[in-house]
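So the structure is just underneath, and the comments pick up after that.
In what follows, chains carry the letters A, B, and so on, assigned in the order in which the sequence lines appear, proteins first and then strands, with residues in each chain numbered from 1. Keep in mind the model is a prediction, meaning the values are calculated, not measured.
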2 protein chains.
Amino acid sequence: MQTVIKKFKKNLQEENLKSTPQRLAILEEMMKTDEHLECEEILLKLKEKGNKVSRATLYRTMDILVKYKFVRKLEIGDGRVRYDSNLVHGKRNHDHMICLDSGDIIEFYNDKIEKLQNEIAEKNGYKIIRRVHQLFVKKV
Amino acid sequence: MQTVIKKFKKNLQEENLKSTPQRLAILEEMMKTDEHLECEEILLKLKEKGNKVSRATLYRTMDILVKYKFVRKLEIGDGRVRYDSNLVHGKRNHDHMICLDSGDIIEFYNDKIEKLQNEIAEKNGYKIIRRVHQLFVKKV
DNA sequence: TTAATTTTGATAATCATTATGAAAAAAATA
DNA sequence: TATTTTTTTCATAATGATTATCAAAATTAA
């Protein structure tokens, strides 16, 4: 969607950050995948397509993408940082179920849990900004 | 509680691990705190009490304590690893609310969410082994 | 007590991420 | 369009938490 790129450019401007080919290449790469990619994988994908970007630039740009919620940082405690794109069409707000046997990451969403979370926060005088909800599971 | 120490010794035996003063000192230290401590803090507390333990031993022992569920590893995405003791009297199963302004970590528990989680896992053919549920909040 | 095995601790190695600083690119200005 | 200013990039060094190494010490079993 062109609108995503336009929004990104606008966000960059708002912070006096410049629109560069590297930043755009990274954004576009994240628009194309619904996997949970690690930095090295993103770097590799970019390289394969001829968009070579340095490690430092990738890390810096991922922080920008997280800040503007184009992607979400996903840490499941195995020491690897993954990124979950919010840019893939039809993808909604979700949480993760991680299979301890296969390593599969399954997305789930539950409206009731959502509501209960809000109630808990409210009851304590807080509002929720962001949440992490991960179920580590095994096949029955 | 003597029973905790006995249980620990039994667990060690079961895996052909030896009962050492360092391991016991670390367990006992974790029985005394309901804070969410980092490795360096645990190391410091031990040192202050004259129980000097090397970094390597501390890391190795924390893994054992996690394995036997004496403590829980708590990672809230700020790059610091904390340990949440399950050994403090009256402490139950809980999740965490993290205040983005103050850094406070507030514990919460909700039975309904617990049930919904189990339903979700079941529906997908899984059973829950462990879970991470963190609400990042700000004061209203 | 001895012997076999495990653990400890000091230090080196690792590895993901961040800092550095010169060269290149982008935006602003003339 | 050329020039100037500012930001960004890239390659590499630095960082810092955790892990590996291995000789010396401690533990357990016989």
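- Regarding B:Leu43, its CG atom lies at a distance of 13 Å from the C1' atom of D:dT18, rounded to whole Å.
- Under 4.0 Å is where a charged nitrogen must lie from a carboxylate oxygen, and between A:Asp95 and A:Arg131 at least one such pair does.
- Not a single donor-acceptor contact under 3.5 angstrom links the side-chain atoms of B:Arg80 to the base of D:dG16.
- A centroid separation of 6.0 Å or more is found between the aromatic rings of A:Tyr68 and A:Phe8.
- Between the NZ atom of B:Lys47 and the C1' atom of C:dA10 there is a distance of 13 Å, rounded to whole Å.
- Counting all heavy atoms, side chain and backbone alike, B:Val71 lies closest to B:Ser85 at CG1-CA, 4.1 Å.
- Put simply, CD on A:Glu75 is 14 Å from P on C:dA16, counting in whole angstrom units.
- Inspection of the B:Glu114 and B:Asn93 side chains reveals an N or O donor paired with an N or O acceptor under 3.5 Å.
- Counting to the nearest Å, the C1' atom of C:dA24 and the NZ atom of A:Lys52 are 15 Å from each other.
- Look at NZ on B:Lys10: it is 17 Å from P on D:dT28, rounded to the nearest Å.
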- Does the side-chain hydrogen bond (donor to acceptor under 3.5 Å, both in side chains) test come out yes or no for A:His133 and B:Gln134, once each step is laid out? CA-CA 6 Å; A:His133 195 180; B:Gln134 303 169 342; over 6 Å; no
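- Look at A:Ser54 and you won't find any side-chain N or O under 4.0 angstrom from OP1 or OP2 of D:dA11.
- Residue-to-nucleotide proximity on DNA chain D shows that, of A:Val53 and B:Glu40, the 5′-proximal contact is made by A:Val53.
- When rounded to the nearest whole Å, the span between OH of B:Tyr59 and P of C:dA10 equals 16 Å.
- Taken residue by residue, residues 13-27 of chain B places heavy atoms nearer than 4.0 Å to DNA chain C at B:Leu17, B:Lys18, B:Thr20, B:Gln22, B:Arg23.
- Regarding B:Arg60, its CZ atom lies at a distance of 9 Å from the C1' atom of D:dT19, rounded to whole Å.
- No side-chain donor from either of B:His36 and B:Glu41 sits under 3.5 Å from a side-chain acceptor of the other.
- Atom-to-atom, OH of A:Tyr83 to P of C:dA16 comes out at 13 Å; the value is rounded to the nearest Å.
- Taking a cutoff of 4.0 Å between a charged side-chain nitrogen and a carboxylate oxygen, B:Arg82 and B:Glu75 do not qualify as a salt bridge.
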